[in-house]
2 protein chains.
Amino acid sequence: MSKAANTRLNILHKAFELIYTKGYQTTSIDEIIATTQVTKGAFYYHFKTKDEMGVAIIEEILKPTMQEHFIQPTEASQNPIEDFYNMISYLLLEDPFLQVKYGCPVGNLTQEMTPWNTKFSEALAELVDLWKATIIKSIEKGKETGLIRAEVVGEQVAFFILSGYWGIRNFGKLQNDNSSYLVYLKELKSYLNGLK
Amino acid sequence: MSKAANTRLNILHKAFELIYTKGYQTTSIDEIIATTQVTKGAFYYHFKTKDEMGVAIIEEILKPTMQEHFIQPTEASQNPIEDFYNMISYLLLEDPFLQVKYGCPVGNLTQEMTPWNTKFSEALAELVDLWKATIIKSIEKGKETGLIRAEVVGEQVAFFILSGYWGIRNFGKLQNDNSSYLVYLKELKSYLNGLK
DNA sequence: CATAAAAAATACTAATTAGTATGAAAAGGC
DNA sequence: GCCTTTTCATACTAATTAGTATTTTTTATG
């Protein structure tokens with residue numbers, strides 16, 4: 001990778017970490033260039049505006065991460081119900097990057113940036129739609145193999161799972177300990193078993 | 001009500017509306033005093049800091065509203081399952097103040113202010129705990145009257161309902177139309193019926 | 001190695017921010 | 001009506017913000 005591409009990626013990564021922990025609006029460009037050890041000239045050479053950088057984070061950091069960690073595993077899944085639970089459980093309790101007190105990066109950005117910045121909204125919506133579509137497909141597959149009841153409606157379940165995930169992450173932020181996660185996961189398991 | 005108390009309440013109400021639609025950080029004091037037609041001297045007479053005003057909004061606007069609209073009705077409920085659904089459905093589709101594109105005021109503030117402002121976190125946590133506790137009590141009552149299965153765990157269900165609500169409001173923001181609400185509500189009904 | 005283009009460094013600006021200092025006007029008690 | 005306290009008005013400050021203008025350095029290419 002060229003040196004220039006490297007600084008660009010460096011900015012995106014460090015900025016993402018700051019934004020995840022502090023929020024987008026309260027993360028200043030001065031702060032970003034201070035932690036990246038990059039000058040303002042370099043920053044504005046790579047990104048025309050702060051918002052352009054923000055959208056780049058969604059498309060170049062969040063999207064590939066989600067593709068790799070959630071889309072592909074879900075597509076490969078043979079047992080949707082079990083794997084949905086494992087996916088959420090992993091995200092809540094085991095993912096080494098995500099922290100209880102900081103919530104879900106995608107959820108945070110959605111909350112903070114919509115409906116005021118359409119570029120952000122579009123990029124985030126694309127991301128979420130992809131995840132949702134993958135879950136729906138997985139449910140349909142489960143219905144075919146008989147692992148999921150025929151009456152189950154994929155779209156409804158997808159919304160329900162993802163909403164619950166976003167919501168419980170907000171609870172986690174509020175209480176800053178994962179006890180709420182554990183309680184939530186028990187009910188999630190119970191709910192998912194009801195789909196069998 | 002004295003004139004002074006009136007300006008104070010006026011500030012809180014207008015500020016709350018701005019914060020609900022724009023977010024806390026991006027709502028400036030200059031903007032608040034412009035829309036309230038109150039001078040900066042008056043503002044800082046009533047509130048030592050912006051954050052103090054923010055906490056006052058939670059305690060003096062959000063809390064009483066929630067008490068009146070959700071706590072008391074839930075306490076009076078004879079049929080928890082039906083009333084949980086009606087409560088969420090009302091909030092999503094009918095409440096005249098809440099708007100799809102702006103999400104849930106409590107959820108928004110939680111997302112934006114925790115974990116950085118402990119005063120906000122505490123005030124919000126109190127609010128949410130109250131709501132959660134009321135739901136749990138209502139479930140226990142439903143178990144006694146036989147409307148809810150004995151194996152159902154109140155705390156789990158409470159987390160599940162509230163998480164889903166917060167989450168779907170985030171979805172609503174992202175898509176800015178209530179079609180996702182309708183899909184979600186169908187699954188919520190199905191989930192709640194499973195508690196019988 | 002020369003040169004053009006890409007990449008980055010430095011110093012600045014104009015606007016906005018929360019908050020303050022100080023004084024004037026209302027309101028209430030006697 | 002006088003006086004004290006409450007309430008509000010005006011003008012300011014210091015810090016921070018995103019973004020720009022300009023120059024310098026680095027890199028690639030002939």
Side-chain angles (χ1 to χ4, degrees), chain A residues 1-58 60 108-109 112-114 116-121 123, chain B residues 1-58 60 109 112-113 116-121 123:
Chain A
M1 181 162 50
S2 75
K3 207 178 163 203
N6 201 46
T7 44
R8 188 194 150 88
L9 258 187
N10 188 231
I11 292 172
L12 288 178
H13 275 119
K14 293 268 172 56
F16 170 53
E17 269 195 56
L18 284 171
I19 290 167
Y20 173 49
T21 54
K22 300 192 23 146
Y24 180 82
Q25 313 272 10
T26 48
T27 298
S28 72
I29 290 174
D30 284 340
E31 208 177 344
I32 293 170
I33 64 177
T35 59
T36 48
Q37 306 258 52
V38 151
T39 64
K40 196 159 267 195
F43 180 94
Y44 277 100
Y45 173 78
H46 287 285
F47 307 101
K48 269 213 289 290
T49 62
K50 186 187 177 186
D51 284 359
E52 191 179 298
M53 178 211 62
V55 174
I57 288 177
I58 298 172
E60 296 171 41
N108 293 356
L109 276 176
E112 197 177 354
M113 302 310 286
T114 61
W116 292 106
N117 189 307
T118 48
K119 295 279 177 201
F120 271 74
S121 300
Chain B
M1 182 162 48
S2 75
K3 209 177 163 202
N6 202 46
T7 44
R8 188 194 150 89
L9 257 187
N10 189 231
I11 292 171
L12 287 179
H13 275 119
K14 294 269 173 54
F16 170 53
E17 269 195 56
L18 285 170
I19 290 167
Y20 173 49
T21 54
K22 301 190 24 148
Y24 179 82
Q25 313 272 8
T26 49
T27 298
S28 71
I29 289 173
D30 284 341
E31 209 176 346
I32 293 170
I33 65 177
T35 59
T36 49
Q37 308 258 52
V38 150
T39 62
K40 195 159 265 193
F43 181 94
Y44 277 100
Y45 172 76
H46 287 286
F47 308 102
K48 271 214 287 289
T49 64
K50 187 188 178 188
D51 284 358
E52 190 179 298
M53 179 211 61
V55 173
I57 288 176
I58 298 173
E60 295 170 42
L109 277 177
E112 197 177 354
M113 302 309 287
W116 291 106
N117 188 307
T118 48
K119 295 279 176 199
F120 272 73
S121 299

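Naming: A, B, ... by sequence-line order, numbering from 1 per chain.
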Roughly, in whole Å, what's the span from [atom1] in [X] to [atom2] in [N]?
X     : N      : atom1 : atom2 : answer
A/I33 : C/dA7  : CD1   : P     : 19 Å
B/K22 : C/dT16 : NZ    : P     : 12 Å
B/N6  : D/dC8  : CG    : C1'   : 14 Å
A/I29 : C/dA11 : CD1   : P     : 19 Å
B/D30 : C/dA15 : CG    : P     : 15 Å
A/F43 : C/dC12 : CZ    : P     : 22 Å
B/K3  : C/dA25 : NZ    : P     : 14 Å
B/Q25 : C/dT16 : CD    : P     : 18 Å

Side-chain N,O ([X]) to OP1/OP2 ([N]) below 4.0 Å:
X     : N      : value
B/T7  : D/dC8  : yes
B/S28 : C/dT16 : no
A/H46 : C/dA6  : no

What nucleotide among [options] has an atom nearest to a side-chain atom of [X]?
X     : options               : result
A/Y44 : C/dT10, C/dA7, D/dT20 : D/dT20
A/K40 : D/dT20, D/dC8, D/dT17 : D/dT20
B/Y45 : C/dA7, C/dA18, D/dT6  : D/dT6

Between A/G54 and A/F120, which heavy-atom pair has the shortest distance, and what is it?
-> CA-CZ, 3.5 Å

Decide, yes or no, whether a salt bridge links B/K22 with B/E31 under the criterion of side-chain N to carboxylate O below 4.0 Å.
-> yes

Can any side-chain N or O of A/E112 pair as donor or acceptor with the backbone N or O of A/G23 at less than 3.5 Å?
-> no

Flag this pair as yes if the NZ/CZ of B/K50 is under 6.0 angstrom from the six-membered ring centre of B/Y24 and inside a 45 degree cone about the axis; otherwise no.
-> yes

When all nucleic acid strands are considered with a 4.0 Å heavy-atom cut-off, which category describes [X]: base, sugar-phosphate, or nothing?
X     : result
A/T27 : sugar-phosphate
A/T39 : base
B/S2  : nothing

Would you mind telling me which residue lines up with the more 5' stretch of DNA chain D, B/Q37 or A/G41, judged by nearest nucleotide?
-> B/Q37

Could you label the plane-to-plane angle of the B/F16 and B/Y20 rings as parallel, tilted or perpendicular, counting under 30° as parallel and over 60° as perpendicular?
-> parallel

